[in-house]
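One structure is given below, encoded as C-alpha cells.
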Amino acid sequence: YIQKLYDMGIVKGDTENNFNPDKKITRAEVAALAERMLGLDAEYVYIFDDVAADKWYAKSVAAVNSAKIMVGDGKTFRPNDYITREELCGFAVKVLRYKNIEQKNAQSNFVDNDEISAWAKQAVGECFARGIVNGVGENRFSPKTNATRAETAVIITKMLAETADAQ
C-alpha cells in the first residue's frame with residue numbers, strides 16, 4: 001500500500017529515506033494526503049487561528065477546507081493533533097461524497113461499537129461495509145486510538161480503489 005501511494009506521489013516519508021509506518025499521523029498530514037490524492041488546489045486564505053500562511057501545510061488545509069473534506073471547528077483546524085481511527089473514517093466518507101460516491105448505510109458490529117462517537121457511527125459502518133477499514137483484532141475497532149501512517153496509507157489505497165470502481 002505504501003509503495004503504491006509513494007509511486008503515485010501521494011505519500012512521502014517523514015524524512016527523505018524513512019516512511020515511519022507506525023508513527024501517529026496528524027490532521028495536517030492527512031490534509032496533505034487528501035490534497036495530493038484528489039488533486040486539490042487552493043490559495044491560502046486566513047481561516048483558522050492555528051494555521052499560519054508560512055506553515056508547510058497551509059495550502060493543504062485551505063484546499064481540504066474549501067472542498068469541505070476537513071473543516072475544523074470554524075476557528076481552529078488543530079493541524080498538529082493526531083487523527084483518530086473514527087475521525088479517519090469521517091474523512092474517508094467525505095472523500096467518497098466529494099467523488100460523488102453514494103452513501104452506503106451500514107452498521108458495524110464491533111464489540112466496542114458503543115465507544116464510537118455518535119457522529120462517527122455511520123462513517124465507521126460505511127467504511128467497514130466497503131472494506132475500507134477493518135478492526136484491530138478480537139472484533140474491536142478502537143475508535144479513539146490515533147491512526148498510524150501505515151493504517152492511513154491502507155485506508156487511502158482502499159478509498160482510491162472504491163472511487164475507481166465507481167467510475
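Only this structure's heavy atoms are used, side chains among them; waters, hydrogens and symmetry mates stay out. No experiment lies behind these values; they were computed from the predicted model shown.
Leu5 and Ile2 fall within the same hydrophobic cluster, defined by Ile, Leu, Val, Met, Phe, Trp and Tyr side-chain heavy atoms under 4.5 Å apart, directly or through other members. Note: the hydrophobic cluster containing Leu38 also contains Ile10 (ILVMFWY, side chain heavy atoms under 4.5 Å, direct or indirect links). Neither Val93 nor Tyr98 shares a network with the other; the hydrophobic side chains, linked directly or stepwise wherever heavy atoms of I, L, V, M, F, W or Y lie under 4.5 Å apart, form separate groups for each. Under the 4.5 Å side-chain contact rule for hydrophobic residues, Trp119 and Ile116 do not share a cluster. The cluster map of Ile, Leu, Val, Met, Phe, Trp and Tyr, joined by side-chain heavy atoms under 4.5 Å apart, puts Val95 and Met8 in the same cluster.
In terms of modelled atom types and a separation under 3.5 Å, the side chain of Thr163 and the main chain of Met159 share a donor-acceptor contact. Here the side chain of Asp41 pairs no donor or acceptor atom with the backbone of Ala63 at under 3.5 angstrom. Side-chain N or O atoms of Asp50 include none that pairs as donor or acceptor with a backbone N or O of Thr76 at under 3.5 Å. Remark: the backbone N or O of Ala120 is not paired with any side-chain donor or acceptor of Ser117 at under 3.5 angstrom.
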Begin with the C-alpha distance, continue with both residues' side-chain angles, and end with the deciding distance and a verdict on side-chain contact (heavy atoms from CB on, under 4.5 Å) for Asn113 and Phe141.
CA-CA 8 Å; Asn113 264 352; Phe141 180 68; 5.7 Å; no
What's the verdict on side-chain contact (heavy atoms from CB on, under 4.5 Å) for Met37 and Leu160, showing C-alpha distance, side-chain angles and the deciding distance?
CA-CA 8 Å; Met37 173 179 59; Leu160 286 170; 3.6 Å; yes
Start with the C-alpha gap between Met70 and Val30, add the side-chain angles, then the distance that decides, and say whether side-chain contact (heavy atoms from CB on, under 4.5 Å) holds.
CA-CA 9 Å; Met70 296 175 77; Val30 172; 3.9 Å; yes
Salt bridge (charged side-chain N to carboxylate O under 4.0 Å, His left out) between Glu115 and Arg140, worked out
CA-CA 10 Å; Glu115 296 174 27; Arg140 298 185 64 76; 3.5 Å; yes
Could you go step by step and tell me if Asn146 and Ile83 meet the side-chain contact (heavy atoms from CB on, under 4.5 Å) rule?
CA-CA 6 Å; Asn146 293 318; Ile83 196 165; over 6 Å; no
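Counting heavy atoms from C-beta on, the side chains of Gln103 and Gln122 come closer than 4.5 Å. Taking the side chain as every heavy atom from C-beta outward, Val133 and Val154 never approach each other to under 4.5 Å. Looking only at side-chain heavy atoms (C-beta outward), Asn65 and Val51 stay at 4.5 Å or farther from each other. Side chains of Asp112 and Pro143 form a contact here, defined as non-hydrogen atoms less than 4.5 Å apart. Side-chain contact between Tyr57 and Asn80 is present, with at least one heavy-atom pair separated by less than 4.5 Å. Looking at heavy atoms from C-beta onward, Arg97 lies out of side-chain contact with Glu102 at the 4.5 angstrom threshold. Counting heavy atoms from C-beta outward, Val11 and Thr152 have side chains that stay 4.5 Å or more apart.
By the 4.0 Å N-to-carboxylate-O rule, Arg85 lies close enough to Glu151 to be salt-bridged with it. A salt bridge does not link Lys158 to Glu162: none of the charged nitrogens lies less than 4.0 Å from a carboxylate oxygen. Using a 4.0 Å cut-off between a side-chain N of Lys or Arg and a carboxylate O of Asp or Glu, Arg149 and Glu29 qualify as a salt bridge.
In the displayed structure, Lys121 atom NZ is contacted under 6.0 Å by more than 12 heavy atoms of other residues, nucleotides or ligands. For OH of Tyr44, the number of neighbouring non-hydrogen atoms (other residues, nucleotides, ligands) closer than 6.0 Å is greater than 12. The environment of Lys144 atom NZ is dense: over 12 non-hydrogen atoms of other residues, nucleotides or ligands sit within 6.0 angstrom.
A distance of 12.0 Å separates NZ of Lys24 from OG1 of Thr84, quoted to the nearest 0.5 Å. Rounded to the nearest 0.5 angstrom, Lys104 NZ and Leu96 CG are separated by 10.5 Å. In this structure, the separation between CG on Asp22 and CG on Asn20 is 7.5 Å, given to the nearest 0.5 Å.
Residues Ala147 and Leu88 share a closest heavy-atom pair of CB-CD2, 3.8 Å. Taking every heavy atom of both residues into account, Ala106 and Ala129 meet most closely at CB-CB, 3.5 Å. Among all heavy-atom pairs drawn from Ala34 and Leu40, the shortest one is O-CD1, 4.1 Å. For the pair Ser60 and Ala32, the tightest heavy-atom approach, listed with the atom from each and the gap, is OG-CA, 3.5 Å. Summarising the geometry of Cys127 relative to Cys89, their closest heavy-atom pair is SG-O, 3.7 Å, with the distance given to 0.1 Å. The minimum heavy-atom distance linking Gly72 with Phe48 is given by the pair CA-CE2, 4.1 Å.
Cation-pi geometry between Arg27 and Tyr82 is not satisfied (NZ or CZ under 6.0 Å from the ring centre, within 45° of the ring normal).
In this structure, Phe110 has its ring center closer than 6.0 angstrom to the ring center of Phe128.
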